[in-house]
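Reading through the structure tokens given below for one structure.
Only this structure's heavy atoms are used, side chains among them; waters, hydrogens and symmetry mates stay out.
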Amino acid sequence: MYVADSRGAPAAAADAARAGSGRRSAIAPTVFALGTVSLITDVSSEMVTAVLPLYLVTGLGLSPLGFGLLDGVYNGFSALVRLVGGHLADRGGRHKAVAVFGYGLSALCKPLLLVAGSLPLIGAVLAADRTGKGLRTAPRDALISLASAPETRGRAFGVHRAMDTAGAMLGPLTAFLILRQAADGYDAVFTVSFCVAALGVLVLLLFVPSRTPQSAVAGAPATLSAQGAPRVSLKAALALLRVRPVRQLTLAALLLGLATVSDSFVYLLLQHRLGVPDRWFALLPLGTAAAFLLLAVPLGRLADKVGRWQVFLGGHAALLLAYVLLLTGWQSPALPFLTLALHGGFYAATDGVLMAAAAGSVPAELRSSGLALIQTGQALARFACSIAFGAAWTAWGDRTALGTAAAVLSACAVGAYLLRPSNSPKEARL
């Protein structure tokens, strides 16, 4: 293991030490600070996300294919810059600085939606917004992992994702209330979203520690200690694919991402099935967010105990069941609640759990780059899925498109299962 310099022990390393000192202090202050930033930022971003599908499809008259292209841009640009963001954060331990830039860029994009009235302009604004998200995600997750002891990382990511999801619940509710009260509802949503996003950047600047470890904290692969700290470069980040657990996780995330239908499409499918009035559409994401909020911490703790691969694959089984429910002809008031509960359970079992699993196999010096590598594979796969699903819906209808996605998810889940580590406790927990 690396030994930190006691003359200038960074805040995140101190957090990790406190995290391992006892159950009551298992979650580091840095995790709660970053959770607060994510909560505030998600109120802002989910306000826009909740109304964007309806605004584009109903307000601007886009076809499902057009929306699929925009949704692909929304995810694709994030994927393209994640490795860059991770690399910049690892150089000199500038995790907070890169995160601040990413959050700030996304905040500045919100008021631009007020003047973007055409498909190319909206696409450019969404691309810039997702660039900010791509830059900030890996550094933020690296800060969480570096501030947490290995045995509590699943719980730490669960706490962060739960706080993040609390914002995801408040965002659609805020958008719903604004749309009911404001004469120019969409403009009001975009304006309030910018103000909230700016507050999130301010909290990040004031309350998240700037210093991050220059030497590994608990949980870095022991084999690296004899070789010295790895050189920080994009080549070194890509070389992490030679590490078997990293390669397995990257391939599994990519495979399963190929059949992960965009949230927006899930909500549009529910509206199509149930005839949900436009004014209630913004509330649909609340069901996903509520399930995510309730299950993120319990499933994170479960992943720490029984194995992160098992919980990760179980989450995709929940997503497959949600697809099946949408495909059936079952008519019941319980359908939207069950579908959204399974959708939220999928995120609770996969989002933070995947990052907790990856952190144990990536050295601290390349933590942001390593996490970004896995996130990039997943985001690119989801980018392809959004475009393919939108094209299939336009050509053959929503049921055929969703049925194809369910079949692909089943096949990919089998492939991901075959990629799992052996049953030894060390490998199963990653």
Side-chain angles (χ1 to χ4, degrees), residues 35-59 67 71 74-75 110 113 133 158-182 185-186 188-193 195-197 199-200 260-300 315 318-319 321-323 325-326 332-352:
T36 302
V37 173
S38 293
L39 188 157
I40 296 170
T41 302
D42 245 35
V43 172
S44 168
S45 61
E46 292 301 322
M47 286 174 63
V48 175
T49 301
V51 303
L52 197 61
L54 201 62
Y55 175 64
L56 295 175
V57 174
T58 302
F67 178 73
D71 195 68
Y74 202 60
N75 292 292
K110 300 301 188 294
L113 289 170
K133 180 176 176 60
V159 168
H160 174 267
R161 292 327 195 242
M163 297 179 71
D164 180 274
T165 307
M169 290 185 66
L170 293 173
L173 182 60
T174 304
F176 170 73
L177 293 175
I178 292 173
L179 287 175
R180 286 180 63 89
Q181 298 297 325
Y186 292 118
V189 167
F190 299 149
T191 301
V192 174
S193 175
C195 296
V196 176
L199 177 62
T260 302
V261 174
S262 165
D263 296 358
S264 298
F265 277 125
V266 171
Y267 304 140
L268 286 171
L269 285 164
L270 270 175
Q271 187 198 34
H272 184 72
R273 279 285 312 274
L274 303 174
V276 177
D278 290 354
R279 66 180 180 276
W280 298 103
F281 182 85
L283 292 181
L284 290 178
L286 286 177
T288 296
F292 195 168
L293 176 63
L294 291 173
L295 295 173
V297 175
L299 289 178
L319 181 64
L321 184 54
Y323 290 175
L325 284 176
L326 287 171
S332 170
L335 176 64
F337 297 100
L338 287 175
T339 302
L340 294 174
L342 288 167
H343 195 228
F346 155 70
Y347 279 114
T350 58
D351 191 10

Q: Compare every heavy atom of Gly315 with every heavy atom of Thr350, then report the nearest pair and how far apart it is.
A: CG2-CA, 4.1 Å

Q: For residues Ala291 and Ala341, report the shortest heavy-atom separation together with the two atoms involved.
A: CB-O, 3.5 Å

Q. Any side-chain heavy-atom pair from Pro285 and Thr49 closer than 4.5 angstrom?
A. no

Q: Calculate, to the nearest 0.5 Å, the distance between atoms CG and CG belonging to Leu342 and Leu338 respectively.
A: 6.5 Å

Q. Roughly how far apart are Leu286 CG and Leu293 CG, rounded to 0.5 Å?
A. 11.0 Å

Q. Shortest non-hydrogen contact from Phe346 to Ala318?
A. N-CB, 4.4 Å

Q) Nearest heavy-atom pair of Asp351 and Phe292: which atoms, and what distance? A) OD2-CZ, 4.0 Å

Q) Which residues pass the side chain to side chain donor-acceptor pair (under 3.5 Å) test with Ser44, sequence neighbours left out? A) Ser193

Q) Where is the tightest heavy-atom contact between Leu326 and Val266, given as atom of each residue plus distance? A) CD1-CG1, 4.5 Å

Q: Tell me, please, which residues at least two apart from His343 pass side chain to side chain donor-acceptor pair (under 3.5 Å).
A: Asp263, Thr288

**Q.** Evaluation steps, side chain to side chain contact (heavy atoms under 4.5 Å, CB included), between Leu269 and Arg273
**A.** CA-CA 6 Å; Leu269 285 164; Arg273 279 285 312 274; 5.6 Å; no

For residues 164-177, tabulate all N or O donor-acceptor pairs below 3.5 Å that involve a side-chain atom, not counting sequence neighbours.
residue, atom, partner, partner atom, Å
Thr165, OG1, Arg161, O, 2.6
Thr174, OG1, Leu170, O, 2.7

Q) What are the two closest non-hydrogen atoms of Ala188 and Ile178, and how far apart are they? A) CB-CG2, 3.5 Å

**Q.** Derivation of the side chain to side chain contact (heavy atoms under 4.5 Å, CB included) call for Ser38 and His160
**A.** CA-CA 8 Å; Ser38 293; His160 174 267; 2.8 Å; yes

Q.
Nearest 0.5 angstrom please: Thr260 OG1 to Leu319 CG, how far?
A. 6.0 Å

